[in-house]
Amino acid sequence: MEGSAASYFLMSWLDPSLLALTAAGALAGVYIGAIPGLSVTMAVSILISFTFSWEVNEALALMGGVFCGGVYGGSRTAILLNIPGAPSAIATALDGYPLAQRGEAGRAIGVSTVTSVIGGLMGVAALAIAAPAISDFALKFAPRDYLLLAIIGILLVGSLSGESLAKGVFAGALGVLIGMVGLDPMTAEGRFTFGQVSLLGGIPYVAAMIGFFGVAEALVQLRNLNVAPIKQKVDRIVPGWSVIRKYIPLSIRSSAIGVVIGALPGTGGDIAALMAYDNAKRTVKNPSRPFGQGAYEGLVAPESANNAAIGGAYIPMLTLGLPGDAVTAVIIGALFIHGLKPGPMLMIETPHLFWFTVGNLTLANLFTLVFGLTGIRVFAKMMECPRAILIPLIIVLSVVGTYAIQNSVIDVYWMLAFGVLGYFMKLYGYQVGPVILGVILGPLMDVSYRRAMLSVRDDPAMFAWELVANPLTLVLTLSIVLLLASQTPAWGAATARVRRWRRNGG
Amino acid sequence: MNQTRPRLPGERAFTLVLLAFSLFLLVQAFRISGFESVSSPGVFPMIAALVMVVSLAAALFRDRAAPPPSDGGPAAFFREVTPPVLLLTLALIVALMLTLEPAGFPFAAGGFLFAAILLLQRGRPVRAAIVAAVALTAIYVVFRLVFQVVLPEAEWL
């Protein structure tokens with residue numbers, strides 16, 4: 001087993017086409033992540049439709065490269081333009097842009113590149129170590145546990161990423177209903193089909209993904225057409241060893257935060273980066289400069305965390321079949337298309353896929369390091385690409401991507417409808433991430449709920465008892481109760497009282 | 001997590017439309033299998049639709065404290081939420097979809113790229129035509145020739 005794990009790990013390193021696809025993915029990811037208006041989720045959604053006829057390893061190699069490169073790439077524009085290229089780079093802009101204004105853009109990019117890769121490799125190491133253990137443990141999960149985990153995922157992404165939990169929960173439930181359309185997987189009864197044959201197979205979720213993440217984002221970008229690009233002077237970017245050595249401890253600490261946050265179902269690099277930044281702000285005693293005014297520590301913490309969250313997000317995806325964030329939700333969709341079913345059995349039935357993913361993500365991180373430290377002049381030119389060109393391009397790529405799924409214009413209509421809905425949702429403070437999470441998790445939740453009910457012979461009282469009778473289920477149930485309680489005014493009042501009590505010496 | 005930003009024009013109406021749609025879905029979910037049993041095919045859709053209704057009602061309740069838009073009339077809606085550039089771009093996207101199969105990908109997408117770039121950069125047709133031609137060629141080569149993606153061919157060719 002040892003030898004075969006190593007050969008699977010090295011598969012993308014030794015196969016020239018996989019090596020080239022990983023490199024191309026990382027290179028494209030760095031630029032996609034950096035260009036405001038293009039997102040990793042958008043790119044991976046569009047890629048699914050182009051790669052579904054490929055071998056699964058080739059598709060995963062390209063997507064893994066785009067994922068790693070893209071999460072890192074968001075930092076570039078955060079530092080140079082104060083515009084985070086991706087949500088995971090929001091915290092990076094807080095100190096990155098002040099550094100660029102001080103004329104230290106090159107050094108800031110160098111430090112963020114190296115610490116991003118340190119974070120990325122820590123995340124992959126955590127994936128390699130934790131996933132087999134979690135997978136073994138997950139075999140003991142009952143259907144009710146999967147149901148509760150999926151609810152936690154939707155609640156977490158809804159409460160942490162949007163402006164209100166209510167809107168986040170609505171978005172998640174909407175996604176669940178979109179995932180319900182079509183024939184019921186257990187009884188083959190039609191649900192929300194309205195007598196239309198075209199709806200029997202369900203709504204193509206790739207069209208929903210491209211609509212919500214591609215077209216909706218392009219339409220929102222139309223509102224920022226007149227923002228003039230800022231130009232920054234960039235000097236030498238390869239940082240010295242002494243600089244790197246200084247920030248390694250903080251990078252490792254922040255990576256640990258990133259792995260844990262990334263591994264929670266539904267939370268990804270954006271939340272990990274903000275939490276790591278907050279942690280660095282509270283724990284670093286003597287930062288190079290005050291936080292918010294160009295502290296390198298304020299750059300190292302979020303960049304390490306958001307890249308570490310990639311490996312973290314793969315853990316629940318591969319072991320439980322639950323996406324760690326929006327991008328892994330899309331990648332789960334890709335695995336479904338290739339006939340694979342992520343979950344504890346994936347590690348047993350197709351261990352090669354797991355070790356291939358670990359090896360591929362390691363390689364993608366190394367390519368990110370190479371592409372992150374080179375090609376800055378080309379990059380500066382590309383960043384100047386006006387939105388007037390970028391937006392029509394995104395739309396054409398979205399149309400091509402959606403059409404390619406089943407060569408159907410109907411899917412393109414779905415995509416546009418979701419794009420328009422996503423535009424209004426984004427504008428009015430509804431997050432679209434929970435929708436996609438709901439689309440992916442909806443069928444799993446439905447089947448888990450019904451299996452759990454059938455296991456107690458349709459007795460709701462027994463079902464409720466099961467939620468508290470088993471230690472693991474009890475922990476999950478309490479997590480949901482706490483998550484919901486934390487959003488109530490009573491919780492705010494109670495925590496304020498505890499803080500006052502502590503301040504007054506307990 | 002409280003909403004403190006002022007409401008945008010049409011925000012409450014949008015929430016109400018979503019609420020009406022959610023109620024419609026709740027009724028449709030009930031019609032799948034009613035209350036036949038707690039594990040019937042319609043139960044989970046009913047739960048999901050009910051969650052949509054309750055969460056939207058909660059959002060409406062919470063948003064009541066948000067400052068209303070300074071100008072909430074239809075003119076403000078068309079200016080701030082659906083500006084002309086958005087409506088025109090949407091019209092171009094619809095035209096792209098309608099012409100995709102009859103005209104084929106190169107003509108439909110080429111026409112869309114040219115018109116959209118022309119619209120968004122407000123003029124400069126020669127530049128728009130060159131950029132559209134270069135972009136279209138790149139997309140065609142990468143996706144049709146390299147990735148072997150099937151693109152709609154013109155019906156009359």
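Proteins come first, then strands; the chains are lettered A, B, ... in the order of their sequence lines, and each starts at number 1.
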Nearest-0.5 Å distance that lies between atom OG in B/Ser22 and atom CG in A/Leu174: 7.5 Å

Minimal non-hydrogen separation, B/Ile117 against A/Ala388, with atom names: CG1-O, 3.6 Å

Minimal non-hydrogen separation, B/Ala59 against A/Ala166, with atom names: N-CB, 3.9 Å

Atom group of A/Leu416 that falls short of 4.5 Å from chain B, counting heavy atoms: side chain

Flag side-chain contact, heavy atom, 4.5 Å: B/Gln121 against A/Pro386: no

Option in A/Asp458, A/Asp459, A/Asp184 with maximal non-hydrogen atom pairs under 4.5 Å from chain B: A/Asp458

Donor-acceptor pair, side chain of A/Arg191 and main chain of B/Pro41, under 3.5 angstrom: yes

Crowding at CZ, B/Arg64 (>12 non-hydrogen neighbours, <6.0 Å): yes

Parallel, tilted or perpendicular: rings of A/Phe194 and B/Phe24 (30°, 60°): parallel

Residue among A/Leu454, A/Thr187, A/Leu427 with most heavy-atom pairs under 4.5 Å to chain B: A/Leu427

Non-hydrogen side-chain atoms of A/Val169 and B/Val54 separated by less than 4.5 Å: no

A/Phe463 atom CZ: more than 12 heavy-atom contacts under 6.0 Å: yes

Residue among B/Ile93, B/Val85, B/Val51 with most heavy-atom pairs under 4.5 Å to chain A: B/Ile93

Contacting moiety of A/Leu147, where chain B heavy atoms sit under 4.5 Å: side chain

CD/A/Glu55: more than 12 non-hydrogen atoms of other groups inside 6.0 Å: no

Heavy-atom pair with the smallest gap, counting every atom of B/Phe44 and A/Gly442: CE2-O, 4.4 Å

Flag side-chain contact, heavy atom, 4.5 Å: B/Leu120 against A/Arg387: no

Contact winner vs chain A - B/Val38, B/Val43, B/Val131, heavy-atom pairs under 4.5 Å: B/Val38

Aromatic plane relationship, B/Phe14 with A/Tyr428 - under 30° parallel, 30 to 60° tilted, over 60° perpendicular: tilted

Chain A contact via B/Ala57 - which portion, at a heavy-atom distance below 4.5 Å: neither

A/Val409 and B/Leu98, any side-chain heavy atoms less than 4.5 Å apart: no

Over all atoms of both residues, closest heavy-atom pair of A/Val176 and B/Ala48: CG1-CB, 3.9 Å

Check: B/Glu80 main-chain N/O paired with A/Arg223 side-chain donor or acceptor under 3.5 Å: yes

Within 6.0 Å of CZ in B/Arg144, more than 12 heavy atoms from elsewhere: yes

Nearest-0.5 Å distance, CG of residue B/Leu87 to CG of residue A/Leu222: 10.5 Å

Toward chain A, the part of B/Arg31 with a non-hydrogen atom under 4.5 Å: neither

Engaged part of B/Phe105 at the chain A interface, taking heavy atoms whose separation is under 4.5 Å: side chain

A/Gln221 CD to B/Thr89 OG1 distance, which is reported to the nearest 0.5 Å: 12.5 Å

Per-residue contact mode, B/Leu25 against chain A (heavy atom under 4.5 angstrom): both

Segment of A/Met186 engaging chain B (4.5 angstrom heavy-atom cut-off): neither

Best-contacting candidate, A/Val399, A/Leu177, A/Val396, against chain B by heavy atom pairs under 4.5 angstrom: A/Leu177

Option in B/Ala115, B/Ser37, B/Ala108, B/Ser40 with maximal non-hydrogen atom pairs under 4.5 Å from chain A: B/Ser40

Nearest heavy atoms of B/Leu151 and A/Tyr403, plus distance in Å: C-CE2, 4.2 Å

Contact winner vs chain B - A/Phe170, A/Tyr423, A/Phe424, heavy-atom pairs under 4.5 Å: A/Phe170

Straight-line distance of B/Met97 CE to A/Asp411 CG, nearest 0.5 Å: 11.5 Å

Derivation and outcome, side chain to side chain contact (heavy atoms under 4.5 Å, CB included), residues B/Leu18 and A/Lys167: CA-CA 11 Å; B/Leu18 289 180; A/Lys167 289 179 175 176; over 6 Å; no

Greatest number of heavy atom pairs closer than 4.5 Å to chain A - which of B/Leu86, B/Leu113, B/Leu8, B/Leu96: B/Leu86

